[in-house]
Amino acid sequence: MKKNLCLLLLLVTFLSFAQTKVLSWNIQNFGKSKSEIDLSYIAKAVSNYDIIAIQEVVAGNGGAQTVAKLAALLNQKGSKWDYKISDPTSSSSYKTERYAFIWKTHKAKLKNKPWLEKKFSLEIDREPYFVTFEINKKTITLVNFHAITQKKQPETEIKYFKFLPNEYPDLNLVFLGDFNCPEKHSVFNPLKKMGYSPVLKNQKTTLKHKCKGNICLASEFDNIFYKTSNLKVSNFGIIKFYEDFDSLKDARKISDHIPIWFEFSLN
C-alpha cells in the first residue's frame, strides 16, 4: 500500500513538473509610476506561474529597474527567479518601449541571447522580443509583442508574423502579448493555416472604465498563439485581478489589461 502511494506521489510530482505555466501581461506604464504596494500586489498575482512575459515596460522612467524590483520581490517567495529585459524598441513613429521576461530557474533555462526582431522593424513599430527557453530538455521560443493601437490598425503589423515561422524553421515559436486585435480577425488566418491556434477565444482582456452590471471587460486584445503539433495545452485562463479592488479606477492603477496564461507540456 505504501509502495503504491509513493509511486502515485512520484507520478503526480513528475506530471506537475512536466507542465509549465506561462503568464502574459500588458502592465500599463510599467516603470517608476508603480509603487512598492503595486509591485507587491503584482508579485503575489504572478508568483504561481513559471514564466512571465511583460509588455509595456517603459523605455525610460525606471522601466528596467522596476522589472528588477519585481524579480527581487519574487525571489523572496521561495523560488529562484531570473529575468531579461529588451533594449528599447526602435519605433520612431510611435511609442518606444521595452519587453521583459521573468522565470523560475528550476523550471526553465535560458538558451542563447534574446533578441528584438529586426527583420521587419520598418514595418512593425515595436518589434517583437524573442527568448528561447529549455524546458525538460526541449526548447520553446516565446515571442513577446505589443502591437500599435486599434485606431492605428494593428493588422498592418501582425500580417508580417506569417513570415516568422519560415524565418526560424528550427524554433518552436509561441506568439504572445497584446495584439490590440481579436483572434478572429482574418489577419491571423495565415498563422492558423500553418497549424497555430489561439489559447483564448471570445475572451475580453482589457478593462472598461466602469463596470456595467457585472461586465467589466472591454476588448479581445491579448492572446497566445501556439503550434498545436508542438505543444499540448492542459489548461488556460485569465486572472480577474480587478476583483481585488474597490473600483476599476483603483484596478487600472495596476493595469488596463488583465493577465492571461496557459499551462502546457512540450511534445
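Counting from 1, the numbers follow the sequence of the chain as shown. Not measured: the values here are computed from a predicted model.
- Phe225 has its ring centre less than 6.0 Å from the ring centre of Phe179.
- Between the Asn223 side chain and the Leu200 main chain, a donor and an acceptor come within less than 3.5 Å of each other.
- Checked by atom type and distance alone, the side chain of Tyr99 never pairs as donor or acceptor with a backbone atom of Leu116 at under 3.5 Å.
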query = Can you check side-chain contact (heavy atoms from CB on, under 4.5 Å) on Phe101 and Leu110, steps first, answer last?
reply = CA-CA 10 Å; Phe101 283 99; Leu110 185 68; over 6 Å; no
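- The ring of Phe161 has its center closer than 6.0 angstrom to the ring center of Phe175.
- Asn75 contributes a side-chain N or O that, together with a main-chain N or O of Trp81, makes up a donor-acceptor pair within less than 3.5 Å.
- Ser24 contributes no side-chain N or O that, together with a main-chain N or O of Ile260, makes up a donor-acceptor pair within less than 3.5 Å.
- Remark: Gln55 CD to Asn144 CG distance equals 4.5 Å, nearest 0.5 Å.
- The side-chain heavy atoms of Leu164 and Phe130, taken from C-beta on, include a pair separated by under 4.5 Å.
- A donor-acceptor pair under 3.5 Å is absent between the side-chain atoms of Lys107 and the main chain of Asp50, judged by distance alone.
- In this structure, the side chains of Val174 and Asn230 stay at 4.5 Å or more apart for every pair of heavy atoms.
- Heavy-atom neighbours of Phe236 CZ from other residues, nucleotides or ligands within 6.0 Å: at or below the threshold of 12.
- Here the side chain of Glu127 pairs a donor or acceptor atom with the backbone of Ser90 at under 3.5 angstrom.
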ask   = Would Phe241 and Trp25 satisfy ring-ring contact (aromatic ring centres under 6.0 Å, His included), going step by step from the backbone distance to the final call?
value = CA-CA 11 Å; Phe241 81 92; Trp25 197 357; 5.4 Å; yes
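- With respect to the salt-bridge test (charged N to carboxylate O, under 4.0 angstrom), the residues Glu183 and Lys192 qualify.
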inquiry  = Glu56 vs Lys95, test: side-chain contact (heavy atoms from CB on, under 4.5 Å). Steps then yes/no.
reply    = CA-CA 10 Å; Glu56 210 168 307; Lys95 183 183 175 187; 4.0 Å; yes
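- In this structure, Arg252 CZ and His257 NE2 are separated by 8.5 Å, a value rounded to the nearest 0.5 Å.
- More than 12 heavy-atom neighbours from other residues, nucleotides or ligands sit within 6.0 angstrom of NZ on Lys118.
- The cluster map of Ile, Leu, Val, Met, Phe, Trp and Tyr, joined by side-chain heavy atoms under 4.5 Å apart, puts Val58 and Ile102 in different clusters.
- In this structure, Lys184 places its NZ atom where more than 12 heavy-atom neighbours from other residues, nucleotides or ligands lie under 6.0 Å away.
- When the side chains of ILVMFWY residues are joined at heavy-atom separations under 4.5 Å, either directly or via intervening members, Ile51 and Leu70 end up in a single hydrophobic cluster.
- Atoms OG1 and CH2, from Thr105 and Trp103 in turn, are 9.0 Å apart once rounded to the nearest 0.5 Å.
- Panel note: side chain Asn180, backbone Gln150; no donor-acceptor pair is recorded below 3.5 Å.
- Rounding to the nearest 0.5 angstrom, the gap separating the OG1 atom in Thr139 from the CZ atom in Phe133 is 12.0 Å.
- Heavy-atom minimum distance, Ile239 versus Ala45: CD1-O, 3.8 Å.
- Criterion: ILVMFWY side-chain heavy atoms under 4.5 Å apart, direct or through other members. Under it, Phe221 and Tyr242 are not part of a common hydrophobic cluster.
- A donor-acceptor pair under 3.5 Å links the side-chain atoms of Thr96 to the main chain of Thr89, judged by distance alone.
- For Arg126 against Glu157, the heavy-atom pair with the smallest separation is N-OE2, 4.2 Å.
- Between the CD1 atom of Ile124 and the NZ atom of Lys159 there is a distance of 10.5 Å, given to the nearest 0.5 Å.
- Atom NZ of Lys80 has more than 12 heavy atoms from other residues, nucleotides or ligands within 6.0 Å.
- The shortest distance between side-chain heavy atoms of Ser234 and Phe264 does not fall below 4.5 Å.
- Under a 3.5 Å cut-off, the side chain of Lys111 and the backbone N or O of Ile140 do not form any donor-acceptor pair.
- The two residues Ala218 and Lys208 make their nearest non-hydrogen contact at CB-CG, 3.9 Å.
- Listed here is the closest heavy atom pair of Ile238 and Leu217: CD1-CD1, 4.5 Å.
- Residue Ala64 comes nearest to Ile85 through the heavy atom pair O-CD1, 3.5 Å, listed as atom of the first residue, atom of the second, then distance.
- Considering only residues two or more places apart in sequence or on other chains, Cys181 meets the disulfide bond (SG atoms under 2.5 Å apart) condition with none of them.
- In terms of heavy atoms, Pro169 sits closest to Asn166 at CD-O, 3.3 Å.
- Separation of atoms OG (Ser79) and CG (Leu74) is listed at 9.0 Å; rounding is to 0.5 Å.
- Contacts of Ser33 classified as side chain to side chain donor-acceptor pair (under 3.5 Å), with partners at least two apart in sequence or in another chain: Asn29.
- Judged by distance alone, the side chain of Asp222 and the main-chain N or O of Thr206 form no donor-acceptor pair under 3.5 Å.
- Applying the ring-ring contact (aromatic ring centres under 6.0 Å, His included) rule to pairs touching residues 39-64 yields Tyr41-Phe245, Tyr49-Trp261, sequence neighbours excluded.
- Glu117 and Tyr160 share no donor-acceptor pair across their side chains, judged by distance under 3.5 Å alone.
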